Structures are given as C-alpha cells and as structure tokens.
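Chain letters run A, B, ... following the sequence lines, proteins first and then strands; every chain starts at 1. All of these numbers come straight from a predicted model, not from anything done at the bench.
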Number of protein chains: 2
Amino acid sequence: MASISDRVGDLGGYLREQREHAKLSLRQLAALAGVSNPYLSQIERGLRKPSAEVLQQIAKGLRISAEALYLRAGILDSEERPQVEIAINADPGLTSRQRRVLLDIYASFRAENVRTADQQGEPAVAPVDAEGGTAPTRGEPGTRDTSPPDEQS
Amino acid sequence: MASISDRVGDLGGYLREQREHAKLSLRQLAALAGVSNPYLSQIERGLRKPSAEVLQQIAKGLRISAEALYLRAGILDSEERPQVEIAINADPGLTSRQRRVLLDIYASFRAENVRTADQQGEPAVAPVDAEGGTAPTRGEPGTRDTSPPDEQS
DNA sequence: TGCCACTGCTTGCAATAGCAAGCAGAATCG
DNA sequence: CGATTCTGCTTGCTATTGCAAGCAGTGGCA
C-alpha cells in the first residue's frame, strides 16, 4: 500500500487534501467524479493505482486540472522541454509532413541563433528531422541501427 | 475493436505509422518499449486500451513524446497544451523575424488543412484558437458552493 | 530442398482496476 | 432515547490489462 503511494508522489494524499479543501466528503466527491466511493477511498489511501481516465474524472469533480493529478501520478513529466516542439507535435491540425517541416525550420532557426551567439566558427549543427523532436542530437529514426534488439518472445 | 479505435482518435493507426516511419518491426518496438509484442499488436489494431504507463514506454521506444500519444489516447486534451502560436511567441530562443516566419508558415499550414477539409465536404475542423485554451476559469475549489450534491449511495 | 530467423498474430492466463453490497461508527433529529 | 442519515471502509466479484507460449506465413541461405 505504501509502495504505490510513494511511487506516485503521494497522489492519494494530494487528493485527500484537495477534497478536504473543497469541503467534500468522500461520497460527495465520488458522486461528482462518477467513481465509486470505496474506490476513491482506496485511491486516497494508496491501495489502488487509478487510470488516467479515473484521474480525469476526479479532477473534474474537484474542478482542478487533470494535469495536476497526472503530474503526481507520474503520467506527465514536469521536466522542462522546448515548448514549441511539444506544441507542434501535439497539434492535431497539422499533418506529419507539416510537423516535420515546422520542426526543421525551428531547429535551424535555433541552430542559427546558437551560431550567432558563439561567433567562434563552431561547425553548424545540421538540422535533424526527428518527429519526436525531443532529442535533436540523435539521427533520424530511419537511419538507426537496424540490427534487431534481443528478441523478447 | 473498432469502437475503441474510434474513441481514442486512432491511436493504433498512429502508432503503426510512427513505427513504420522508424522502420521498426513490431517486435523491435515492443522490445525497445518493454511491452510484449502481442500486446503492442493488439494496441495497434485497437483491440486493447493501454494505460498511460504503457503509452509512456511505447513513446520512449519510438523516441517521440509521450504527450503526442496521450493526446490521441484521449488522456490529454489538446486545448490544455500550449498552442503552437503561443509557444512560438514565448520561445526566448527565437528572434522576432524567426517567430514571424514560423507563425506565417504555421498559419498557412492550418489554412491549407482547412481548405483541404472543406474540399472534401467535411465541416471545418480548425479549432478556435482561444488564448489560454481551457485554463480553468472557475475559482478555487474552496470558493465553491458547499451545499452537498445529491447523495448517490 | 530444408532449416532458420523473422514477421504479426491467437489464445489462455494471472494480476489488477473498479464496482456493488454491506459494515460499523459518528452525527443529527424528533 | 431510538431512528435516521451520514461517514469511511471491507469484501468479493467481474471486466480488463498485459503477458507467455505458441502458431502460421515469409524470406534468406547453404
């Protein structure tokens, strides 16, 4: 029981705190959230590990952002990332090709600014097409070593 | 099977596309991601609904952001993320000119996609870009009416 | 040709999520 | 006071997730 609570950054404690802050009983919040009250109790005590969907519902009941709960549950990572890259990747209104183009241009702009800042003739870093966009120093996925990793099955 | 796939915005199709783009077999990606290959196959075909944890692992294997998968899985709402325009404007690593260029390209891509959608007879799906998205406009939980809702149990 | 390695997938199972029914204690009310 | 309502929690159950074992097809090689 404590192990789950520890691992997810005391999600349960946070939930209880928020619920008490909102002056809701466990049953009231469960009803608002659309989950069973025993299950909510178990979550608060760290006995269960709720899905993102349940967290969404609980967040709705508490009128807080689901992301706050995701962070505590370890679903979201609060590490700093280039926001532009995230936004481009997350934008459902762009095609894969458009995303790639935008990421390329963005990367080259950033590289250009680094070069300008250095002024020391450091070799230009070629813009790398990475759909994930989070590790620009890596080669393209398609150019990766194609020898298969150890078989798992 | 199709119902899950429809509901989560074709997560499975996206996963397959990304995997193929990375030139990985199903087994290779499963190994990289640390999930079983039958399960990955089921996910791609929409037969299973993976947890956020599994999505995180798969994203790691594909070297893309987990959030892209969360969006397609319905775990994250795209309105909760920084919009591309906002992100570009806020990026300290870009010059004004670069920002303008990126914004112009982004806008033309979006317009292109709207036109494409119109030509196909679909209703325009371009989301209204509202500043701040769905940032909670309601007060703190503590400020809400504290009369209990109807009891459910 | 047979053998081997690879591919994606089927199937049955164990573990866990999430729930309904219900318990015991506390608080409130007539 | 007893009855009622509320509180958080226990327990046993079903549905689902995720996996291991294995199948059938494909391609490459001696």
Check the distance between [N]'s [atom2] and [X]'s [atom1] and give it to me in whole angstrom.
{"X": "Ile43(A)", "N": "dG8(D)", "atom1": "CD1", "atom2": "P", "result": "14 Å"}
{"X": "Glu53(B)", "N": "dT16(D)", "atom1": "CD", "atom2": "P", "result": "20 Å"}
{"X": "Leu15(B)", "N": "dG8(C)", "atom1": "CG", "atom2": "P", "result": "14 Å"}
{"X": "Lys49(A)", "N": "dG18(D)", "atom1": "NZ", "atom2": "P", "result": "9 Å"}
{"X": "Leu40(A)", "N": "dG18(C)", "atom1": "CG", "atom2": "P", "result": "12 Å"}
{"X": "Leu26(B)", "N": "dT26(D)", "atom1": "CG", "atom2": "P", "result": "18 Å"}
{"X": "Leu29(A)", "N": "dG8(D)", "atom1": "CG", "atom2": "C1'", "result": "13 Å"}
{"X": "Gln56(B)", "N": "dG18(D)", "atom1": "CD", "atom2": "P", "result": "12 Å"}

Inset, instruction - State which of dC9(C), dA20(C), dC9(D) makes the closest approach to the side chain of Ser36(A). - result: dA20(C)
Inset, instruction - Scan Ser25(B) against the nucleic acid and name what it touches under 4.0 Å (heavy atoms): base, sugar-phosphate only, or nothing. - result: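 The answer is sugar-phosphate, as Ser25(B) gets under 4.0 Å only of primed atoms, P, OP1 or OP2.
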Legend entry - Listed partners of Ala68(A) passing side chain to side chain contact (heavy atoms under 4.5 Å, CB included), at least two apart: Tyr14(A), Ser65(A)
Inset, instruction - For Gln98(A), check side chain to side chain contact (heavy atoms under 4.5 Å, CB included) against everything at least two apart and list the hits. - result: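 Applying side chain to side chain contact (heavy atoms under 4.5 Å, CB included) to Gln98(A) gives Leu94(A), Thr95(A), Phe109(B), Glu112(B), Asn113(B).
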Legend entry - Partners passing salt bridge (charged side-chain N to carboxylate O under 4.0 Å, His left out) against Arg99(B) (at least two apart in sequence or in another chain):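 None.
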Inset, instruction - Could you check Asp10(B), Ile64(B), Leu62(B) and say which one makes a side chain to side chain contact (heavy atoms under 4.5 Å, CB included) with Leu15(B)? - result: Leu62(B)
Inset, instruction - Any pair with a residue in residues 28-41 of chain B that passes salt bridge (Lys or Arg N to Asp or Glu O under 4.0 Å), sequence neighbours left out, goes on the list, sorted by first then second residue, please. - result: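 Every pair satisfying salt bridge (Lys or Arg N to Asp or Glu O under 4.0 Å) with a residue in residues 28-41 of chain B: there are none.
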Legend entry - Results of side-chain hydrogen bond (donor to acceptor under 3.5 Å, both in side chains) for Ser51(B) - residues two or more places apart only: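 Applying side-chain hydrogen bond (donor to acceptor under 3.5 Å, both in side chains) to Ser51(B) gives none.
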Please write out the pairs of protein N or O atoms and N or O atoms of nucleotides 10-14 of chain D separated by less than 3.5 Å, giving the distance to one decimal.
| unit_1 | atom_1 | unit_2 | atom_2 | d |
| --- | --- | --- | --- | --- |
| dT10(D) | OP2 | Arg45(A) | NH1 | 2.7 |
| dT10(D) | OP2 | Arg45(A) | NH2 | 3.4 |

